[in-house]
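Let me begin by presenting the structure, written as structure tokens, before commenting on it.
Lettering follows sequence order; numbering is per chain, from 1. Remember, predicted model here, so these are calculated numbers, not experimental data. Excluded from the calculations below are hydrogen atoms, water molecules and symmetry mates; all remaining heavy atoms, backbone and side chain alike, are included.
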There are 2 protein chains.
Amino acid sequence: MPKNKTKPISTAIEDYLKAIWLVAQDASASTNDLALQLKISAPSVSSMLGKLREQNFVHYEPYRGVRLTEKGEREALRLLRRHRLIETFLLEHLGYDWGEVHEEAEKLEHAVSDTFTERLDTFLGHPSHDPHGDPIPTLKGKLPVTPNTPFAELSIGETLKIARLMSQDKDVLTYLKSLAIEPSKELQLVKREPVGGLVHVEIDGAETVLSKELAMLIRGEVIV
Amino acid sequence: MPKNKTKPISTAIEDYLKAIWLVAQDASASTNDLALQLKISAPSVSSMLGKLREQNFVHYEPYRGVRLTEKGEREALRLLRRHRLIETFLLEHLGYDWGEVHEEAEKLEHAVSDTFTERLDTFLGHPSHDPHGDPIPTLKGKLPVTPNTPFAELSIGETLKIARLMSQDKDVLTYLKSLAIEPSKELQLVKREPVGGLVHVEIDGAETVLSKELAMLIRGEVIV
DNA sequence: ACTTTATTTTAGTTATGCCTAAAAATAAGA
DNA sequence: TCTTATTTTTAGGCATAACTAAAATAAAGT
Ligand SMILES: [Mn+2]
Ligand SMILES: [Mn+2]
Ligand SMILES: [Mn+2]
Ligand SMILES: [Mn+2]
């Protein structure tokens, strides 16, 4: 008789699955990428990948990279849902700022039950995106579509309805907020510097300048 | 040179300290008591007690029971504060009922930071007691005083202002709630059965009967 | 006091999940 | 292609925290 015992999913495994999902959206992730992302040594990662394969969370051949199975992706998205709902709660109801949120959510995501998650979802009003526009996976594991055009790619005179700020970095998010650059706001491209990629933008009637890097992080939909 | 490295307090250690606090309020706790309370085998408990002593969380001599040091009690109360604030949040804001609350809090209490705890405390309006009247330790580790006279000890005609329901049991709490017996309510002793200890009580103008056991769980302060 | 019972500790194992050092495989450069 | 550098895996260890079986101690019963 085959041992068909379903082992519990540990905190460590959950974090690996999420890391693989983040690092290898479509392609496959390398051991090193994951070691970097998780701040764990490469040998430890290598060993864990073997265990993840045994439990059918990933496709993995030594030396050839790793990607999630359907089962693995389901778990990754379930964790991501918890993470982003928790972040939303911390920011909107407990007065957290961007520097503190992620670290707290990184721990809490492993401790909350499905019941908690769905009650929190209701409490928050079933948000589709977190406060900086990251899509919150649904209970069924679907990712709500999110306009994704980088502001950096607009033509002069065009306006972007901001949907998302593609950064986890406290300083970046705080800085953008200080410029009123937030999801649902509208941002117009006024002028582009010939060299260096600096862009002049208008938001709320005021004009500012953004680096090319920042302009790449601002995503949304071009309007009229 | 003495190794003076302060080790992190694990989830397991936290639960042991809380269990010792609960089991041995003033006296000392036996290995067996703790094994029962924690649902862990006696040998495991015995071994952990040794480690707790090494780290100065407890006074412990083999075969002679265990009690918390000041350091141990501080940690126990810090955890209890987290536990009770979390339970309050679950009950008052997420629509949990008594059957679900404790299990969720038992896990979350280990995952939340001090920052989270104090922000939650603010969010909840700095409650001194949780919804069934258990005192919430303060940030400084003080337990707010809580009237503790059992209803069972009243004389005929006396009234108890309910402060606390001394039970963790879902069925008990749900049943009492169904009778409108809750903290801050007033409960009068109408009559006592000569045998068996049944008591007739009046609350909100209605009359009911309570067993002696239940009457012992209802604590508060005798008024006028 | 002596014997039986109950409690508690010791001994030995197991499972996770991390680490460093060394070996092996792959990728890059001459 | 051959050599060097990088990446990844293997080997060996350690810490935590649980378990069962057996031994030791303490408590109760006669
Ligand atoms: Mn995050
Ligand atoms: Mn995490
Ligand atoms: Mn509780
Ligand atoms: Mn706990």
Side-chain angles (χ1 to χ4, degrees), chain A residues 3-20 23-24 27-67 72 75-76 79 106-107 109-111, chain B residues 3-20 23-24 27-67 72 75-76 79 106-107 109-111:
Chain A
K3 304 203 169 190
N4 212 0
K5 199 155 49 182
T6 298
K7 282 201 277 187
I9 301 176
S10 68
T11 292
I13 287 179
E14 288 185 331
D15 276 338
Y16 273 91
L17 296 178
K18 182 151 64 85
I20 296 168
V23 165
S28 77
S30 76
T31 299
N32 242 7
D33 289 345
L34 295 172
L36 261 305
Q37 169 82 19
L38 290 162
K39 289 173 185 156
I40 286 172
S41 74
S44 298
V45 171
S46 190
S47 142
M48 180 59 101
L49 292 183
K51 293 178 205 160
L52 294 179
R53 185 190 43 194
E54 270 171 30
Q55 297 184 242
N56 292 115
F57 288 120
V58 299
H59 299 290
Y60 166 61
E61 269 340 298
Y63 295 105
R64 316 186 67 178
V66 66
R67 61 198 168 77
E75 286 307 323
L79 184 64
E106 200 57 52
K107 290 202 73 182
E109 62 186 0
H110 308 288
Chain B
K3 302 202 170 195
N4 213 0
K5 196 148 60 175
T6 297
K7 282 202 276 188
I9 301 175
S10 67
T11 292
I13 288 179
E14 288 186 330
D15 277 337
Y16 273 92
L17 297 178
K18 183 152 62 87
I20 296 167
V23 166
S28 77
S30 76
T31 299
N32 243 6
D33 289 344
L34 293 174
L36 260 305
Q37 168 83 20
L38 290 162
K39 290 172 185 156
I40 285 171
S41 75
S44 299
V45 171
S46 190
S47 144
M48 180 61 102
L49 293 182
K51 294 178 204 161
L52 293 179
R53 184 190 43 195
E54 271 171 30
Q55 298 183 241
N56 293 114
F57 288 119
V58 298
H59 299 290
Y60 166 63
E61 269 338 298
Y63 295 103
R64 318 186 67 176
V66 66
R67 60 196 169 78
E75 287 306 322
L79 185 64
E106 200 56 53
K107 291 202 71 183
E109 62 186 1
H110 309 287

Nucleotide N/O of nucleotides 23-29 of chain D paired with protein N/O under 3.5 Å:
from, atom 1, to, atom 2, distance (Å)
dT25(D), O4', Tyr63(B), OH, 3.4

| request: Check the distance between dA15(D)'s C1' and Met48(B)'s CE and give it to me in whole angstrom. | output: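 About 12 Å, once rounded to whole Å.
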| query | Can you list the residues that meet the side chain to side chain donor-acceptor pair (under 3.5 Å) rule with Ser44(B), with sequence neighbours excluded? | reply |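 Per chain and number, Ser44(B) pairs via side chain to side chain donor-acceptor pair (under 3.5 Å) with Ser41(B).
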| query | Tell me, which of residues 27-45 of chain B have any heavy atom that sits under 4.0 Å from an atom in DNA chain C? | reply |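 Here the set is Ser30(B), Thr31(B), Asn32(B), Ala42(B), Pro43(B).
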| request: Under 4.0 Å between any heavy atoms, over every strand shown, what does Ser10(A) touch: base, sugar-phosphate, or nothing? Just pick one. | output: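 Result for Ser10(A) = sugar-phosphate.
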Excluding sequence neighbours, so at least two apart, what forms side chain to side chain contact (heavy atoms under 4.5 Å, CB included) with [X]?
{"X": "Gln37(B)", "value": "Ala19(B), Leu22(B), Val23(B)"}
{"X": "Ser30(A)", "value": "Asn32(A), Asp33(A)"}
{"X": "Ala12(B)", "value": "Ser10(B), Met48(B)"}
{"X": "Ile9(B)", "value": "Ile13(B), Glu14(B), Phe57(B), Glu75(B)"}

| field | Phosphate-side-chain proximity, Tyr60(B) and dT9(C), N/O vs OP1/OP2 below 4.0 Å | value |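 Yes, within the criterion.
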| With respect to the phosphate group of dA15(C), does any side-chain polar atom (N or O) of Lys51(A) fall under 4.0 Å of OP1 or OP2? |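 For dA15(C), neither OP1 nor OP2 has a side-chain N or O of Lys51(A) closer than 4.0 Å.
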| query | Tell me, which of residues 12-20 of chain B have any heavy atom that sits under 4.0 Å from an atom in DNA chain D? | reply |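 The answer is Ala12(B), Tyr16(B).
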| task | Mind jotting down which residue pairs meet the side chain to side chain donor-acceptor pair (under 3.5 Å) criterion with at least one end in residues 46-60 of chain B? Sequence neighbours excluded, please. | result |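 Qualifying pairs: none.
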